[in-house]
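Quantities reported herein were computed from a predicted structural model and do not represent experimental measurements. Nothing fancy with the numbering, it's 1 onward along the sequence. For ligands, and for the atoms within them, numbers begin at 1 and follow the listed sequence.
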Amino acid sequence: MNKPKIYLDYAATTPVDPRVIKAMAPFWQEKFANPSSLHFFGQEAKQALDQARSKVAQFLGAKFEEIVFTSCATESINLAHKGLLENFYLRMKEKPRVITTPIEHKAVLATLEHLQKLGWAKIDYLKVDQTGLVSLSDFDSLIKPETVLVSIGFVNNEVGTVQPIKKIGNWLKLANEKRKKQGWAKIYFHSDVTQAVGHFKINVDKLNLDLASFSGHKFYAPKGIGVLYLRSGVPITRQQDGGSQENHQRAGTENLSFIVGLAKALVIVEKERSQETKRIRNLSKRLIKGLLKVPGVHLIGNCQERAPHIVSILVDGVEGESVLLALSDLGIAVSSGSACTSGELKPSHVLLAMGISPSKAHGSIRFSLGRWTMRKEIDYLIKVFPGAIEKLRRIGKGINKN
Ligand code: PLP
């Protein structure tokens, strides 16, 4: 029998939607010009760039000039954090402080740690509970006169927990009103919305966001294109010097075909979101029900506040990496929480921060569903999963004679 090819790693990246490829096609040869060129070729390219920027702005409820195209979420996150904190560092007497959580993507954590190492910022970490949720009541004790930034991801990429971004945004709005009276700096609000854009309505005004970062390849646009939403008036120092592209915030000739693709992908997301989210949520529920039938399998993340596309589990008595490889042998692509560093498996920082012990955290597996996930694929997975786990446990106990 031919091995199936089942892709359940959509949170890592998605294939490009054929409708996106079609929208991008004219921009390789026919409309190839540099949007900064003044001739008619350039103006045609500029028009396409403007249209794409308008679509992205519309999607976020933002203004045209508030959209900065970058190469990926990581770059947007770097620009947001380094840009803002450098700007404050150079004009504040005290070191600027930033509040974040220990379960952010490495793009956020490593960027902030870098700034802290340079002596340009001080990080304050909000605790998360065992489901990965932050609590609003913890903000009060962390906020200081020098706090200038709060950075909290919308959807956690490993466990799918959704943070109360709207409540945090409202809370910060009120806190900022009080700070203004005290003559303290405004606290800007950044969210890494990379895993949220494909599944949630994101209106920057309703969420009170000042900055937001994401990548196109998580919602069926190509890899290599990202967005930073930058509210007008947010003081950042640009990190890539050169020309005046992107409203002077990010120099370099724009990647027009990818920008057009990203905008098209967002239009599709908007149009299909309500139906597609329902479909994926139902498939996830079916998957969770099936997986939990296996003894020693536990769902992680928050049961209510969770993204539709991410299902994360812990499997007692096995390494996540071994489960990943066993499922890969059966034609199913998933990911595990542990990262291999210098030949050693390191448990995920997210799971450790959620209070999961290192030995248990080694058994984590993430399934992530998407536009082309079919019910029969989920059913196949549910069918072969118990046998795969049983086999791994037998091998672990050394009673497999093969
Ligand atoms: N933030 C989150 C939540 C992510 O899931 C990812 C990618 O996995 C990133 C940031 C980084 O995205 P990219 O590698 O496209 O820059």
Next on the checklist: Considering non-hydrogen atoms of the protein only, which is the closest contact for atom 16 (O) of ligand 1, and what is the distance?
Outcome noted: T74 OG1, 2.6 Å
Next on the checklist: Quick test: of every protein heavy atom, which one is nearest to atom 5 (O) of ligand 1, and how far off is it to 0.1 Å?
Outcome noted: Q195 NE2, 2.8 Å
Item to check | Residue, atom name and distance, where the atom is the protein heavy atom closest to atom 7 (C) of ligand 1 | outcome: K218 NZ, 2.8 Å
Checklist entry - Would you call K55 and D50 a salt bridge, using N to O less than 4.0 angstrom? => result no
Checklist entry - Tell me: protein heavy atom nearest atom 12 (O) of ligand 1, and distance? => result A73 CB, 3.6 Å
Checklist entry - Hey, what do you get for CG (N156) to OG (S312), rounding to the nearest 0.5 Å? => result 8.0 Å
Next on the checklist: Looking at K264 and E270, is there a salt bridge between them, counting it only when a charged N and a carboxylate O are closer than 4.0 Å?
Outcome noted: no
Item to check | Partner residues of Q58 under the side chain to side chain donor-acceptor pair (under 3.5 Å) criterion, sequence neighbours left out | outcome: none
Item to check | Nearest non-hydrogen protein atom, atom 1 (N) of ligand 1 | outcome: D192 OD2, 2.6 Å
Checklist entry - Does the distance from a Lys or Arg side-chain N to an Asp or Glu carboxylate O, for D9 and R366, drop under 4.0 Å? => result yes
Checklist entry - Are a donor atom and an acceptor atom from the side chains of S336 and E321 found within less than 3.5 Å of each other? => result yes
Checklist entry - Heavy atom under 4.0 Å from ligand 1: found in S215's side chain, backbone, both, or neither? => result side chain
Next on the checklist: Could you tell me, atom by atom, which parts of ligand 1 come under 4.0 Å of a heavy atom of H217?
Outcome noted: 13 (P), 15 (O)
Item to check | For ligand 1, the portion of N157 having any non-hydrogen atom under 4.0 Å away | outcome: side chain
Next on the checklist: Among residues at least two apart in sequence or on other chains, which ones pass side chain to side chain donor-acceptor pair (under 3.5 Å) with Q249?
Outcome noted: none
Checklist entry - Quick one: does ligand 1 sit under 4.0 Å from the side chain of K223, the backbone, both or neither, non-hydrogen atoms only? => result neither
Next on the checklist: At under 4.0 Å between heavy atoms, is it the side chain or the backbone of E75 that contacts ligand 1, or both, or neither?
Outcome noted: neither
Checklist outcome for this item: For atom 4 (C) of ligand 1, the closest protein heavy atom turns out to be H105 CD2, 3.3 Å
Next on the checklist: Does the Lys NZ or Arg CZ of R231 fall within the cation-pi geometry relative to Y229 - under 6.0 Å from the ring centre and within 45° of the axis?
Outcome noted: no
